[in-house]
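Just so it is clear: chains get the letters A, B, ... in the order the sequence lines come, proteins before strands, and each one is counted from 1. The shown structure was predicted, so the numbers you read here are calculated from the model rather than taken from an experiment.
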Number of protein chains: 2
Amino acid sequence: MVEYNESKDAIFRALADGTRRDIVERLSANEQTVGMLAEPLDMSLAAVSKHIGILEEAGLVTRRKRGRERVCTLDPAGLLAVRDWTERYVEFWNSRLDALDRALKEDDDE
Amino acid sequence: MVEYNESKDAIFRALADGTRRDIVERLSANEQTVGMLAEPLDMSLAAVSKHIGILEEAGLVTRRKRGRERVCTLDPAGLLAVRDWTERYVEFWNSRLDALDRALKEDDDE
DNA sequence: GAGATAGTCAACCCTTTGGTTGAGTATCGA
DNA sequence: TCGATACTCAACCAAAGGGTTGACTATCTC
């Protein structure tokens, strides 16, 4: 399994912000321009551009030019890193919860 | 499915910090006192106590008194919230990746 | 009871973050 | 070619984050 330690922190910090999570979720439906992403958000275009920059540095999003627009897309490489991490954590939580279940069952049996 | 929106942001912010992720991972092995958690970390006890406070407010950790010590444990309620969220995201990433796979396959077929 | 131990709390400090505005660039449409 | 559109960039600012220290409380040990 590949380790993504070098980027893990950047990904976590990128996803810590609600606005950026919103952007990621919206990009999961369709690729969108910076302006489209900014439209429903109550902040300047520059602010949105900065948010996208952070997602880009974390490897979650890529931006390409199309005329005078910039089209944003979810980045498969970043997605893989996030998926691997989340799966690791799901396993981790599940094993904890299983252990808790067993512990509770033992209590009941007494 | 239960929604954890009210706590989601706190959980994300709590897990955005590497020190706190470290604490959570260590607590997954065993419950530990604040002092034990602080021991390998290069910072004051007060700082560690603050980190634990943030994890506590996010619902990920509980602290109880045992003599003059405070014992920290992973909180099942918080764990469930995180697990549900991560599972939702794993599904989300997987569907994206499946879509990408299909798109790439179609390209190959041409 | 006296001192050591374990931790919390509040005040403070510096850095980072998340926003703003204003100016600049590239592209589109007339 | 000229003006609007779609951004980006740099400078700036206020608030939040992550750490410190010093004083305090509670408990253990002698």
Side-chain angles (χ1 to χ4, degrees), chain A residues 5-27 30-75 78, chain B residues 5-27 30-75 78:
Chain A
N5 284 332
E6 59 317 318
S7 58
K8 198 162 78 171
D9 232 74
I11 291 176
F12 268 104
R13 277 201 307 274
L15 292 179
D17 182 89
T19 301
R20 290 194 292 264
R21 289 200 303 279
D22 179 63
I23 289 175
V24 167
E25 300 227 10
R26 287 164 60 205
L27 285 178
N30 284 304
E31 57 178 32
Q32 301 194 36
T33 67
V34 175
M36 291 163 69
L37 288 170
E39 200 271 328
L41 298 174
D42 189 25
M43 68 183 69
S44 68
L45 201 60
V48 175
S49 181
K50 245 201 233 180
H51 278 303
I52 295 171
I54 290 166
L55 290 169
E56 217 173 9
E57 277 196 35
L60 295 169
V61 163
T62 51
R63 232 183 315 203
R64 69 174 188 281
K65 283 189 70 168
R66 185 178 64 193
R68 61 186 155 180
E69 298 176 323
R70 308 296 155 110
V71 181
C72 304
T73 318
L74 286 181
D75 184 334
Chain B
N5 283 334
E6 60 314 320
S7 59
K8 198 161 78 169
D9 232 73
I11 291 176
F12 268 105
R13 276 200 308 274
L15 292 179
D17 182 88
T19 301
R20 290 194 292 265
R21 289 199 302 279
D22 178 61
I23 289 175
V24 167
E25 301 227 9
R26 286 164 62 206
L27 286 178
N30 284 303
E31 57 180 31
Q32 302 195 36
T33 67
V34 175
M36 291 162 68
L37 288 170
E39 200 271 329
L41 298 174
D42 190 22
M43 68 183 67
S44 69
L45 201 60
V48 175
S49 182
K50 244 201 236 178
H51 278 304
I52 295 171
I54 290 166
L55 290 169
E56 216 173 9
E57 277 196 34
L60 294 170
V61 164
T62 51
R63 233 183 315 202
R64 69 173 189 281
K65 282 189 71 169
R66 186 179 65 193
R68 63 186 153 180
E69 299 176 322
R70 309 293 156 112
V71 181
C72 304
T73 318
L74 286 181
D75 184 336

query = Starting at CZ of B:Arg64 and ending at C1' of C:dT8, how long is that distance when rounded to a whole Å?
reply = 18 Å
key: Per B:Arg68 side chain, nearest of listed nucleotides C:dT20, C:dT8, C:dT5   = C:dT5
Nearest-0.5 Å distance, CG of residue B:Leu27 to CG of residue B:Leu74 = 5.0 Å
ask   = To the nearest 0.5 Å, what is the distance between CD1 (B:Ile54) and OG1 (B:Thr19)?
value = 10.5 Å
ask   = Should A:Lys50 and A:Met43 be marked as a side chain to side chain contact (heavy atoms under 4.5 Å, CB included) after you check the CA-CA gap, both sets of side-chain angles, and the distance that decides it?
value = CA-CA 11 Å; A:Lys50 245 201 233 180; A:Met43 68 183 69; over 6 Å; no
query = Starting at NE2 of B:His51 and ending at C1' of C:dC9, how long is that distance when rounded to a whole Å?
reply = 16 Å
task = To the nearest 0.5 angstrom, please state how far the CD1 atom of B:Ile52 sits from the CG atom of B:Leu37.
result = 5.0 Å
message = Please check: side-chain N/O of A:Arg70 versus main-chain N/O of A:Arg63, any donor-acceptor pairing under 3.5 Å?
response = no
task = Quick one: list whatever passes salt bridge (charged side-chain N to carboxylate O under 4.0 Å, His left out) with A:Arg26, sequence neighbours left out.
result = A:Asp22
query = Taking CG from A:Asp9 and C1' from C:dT16, how many angstroms apart are they, rounded to a whole number?
reply = 14 Å
ask   = With a 4.0 Å cut-off on heavy atoms, is B:Arg66 in touch with a base, just the backbone sugar-phosphate, or nothing at all?
value = nothing
From NE2 (A:His51) to CG (A:Asp17), nearest 0.5 Å = 5.0 Å
key: Reported CG-to-CD distance for the pair B:Leu45 and B:Glu39, which is rounded to 0.5 angstrom   = 11.5 Å
inquiry  = What's B:Lys65 touching, base or sugar-phosphate or nothing? Going by heavy atoms closer than 4.0 Å.
reply    = sugar-phosphate
task = May I have the distance from A:Arg63 (atom CZ) to C:dA26 (atom P), rounded to whole angstrom?
result = 16 Å
query = Under 3.5 Å, is there a donor-acceptor pair between the side chain of A:Arg21 and the main chain of A:Leu15?
reply = yes
task = Taking heavy atoms of chain A and a 4.0 Å limit, find me the 5'-most and 3'-most nucleotide of DNA chain D within that range.
result = D:dA4 to D:dC9
key: DNA chain D-proximal residues of residues 36-46 of chain A, any heavy atom under 4.0 Å   = A:Leu45, A:Ala46
task = Would you mind telling me which residue lines up with the more 5' stretch of DNA chain C, B:Glu69 or A:Ala16, judged by nearest nucleotide?
result = B:Glu69
request  = Return the value, rounded to whole Å, for the distance between atom CZ of B:Arg70 and atom C1' of C:dG7.
outcome  = 6 Å
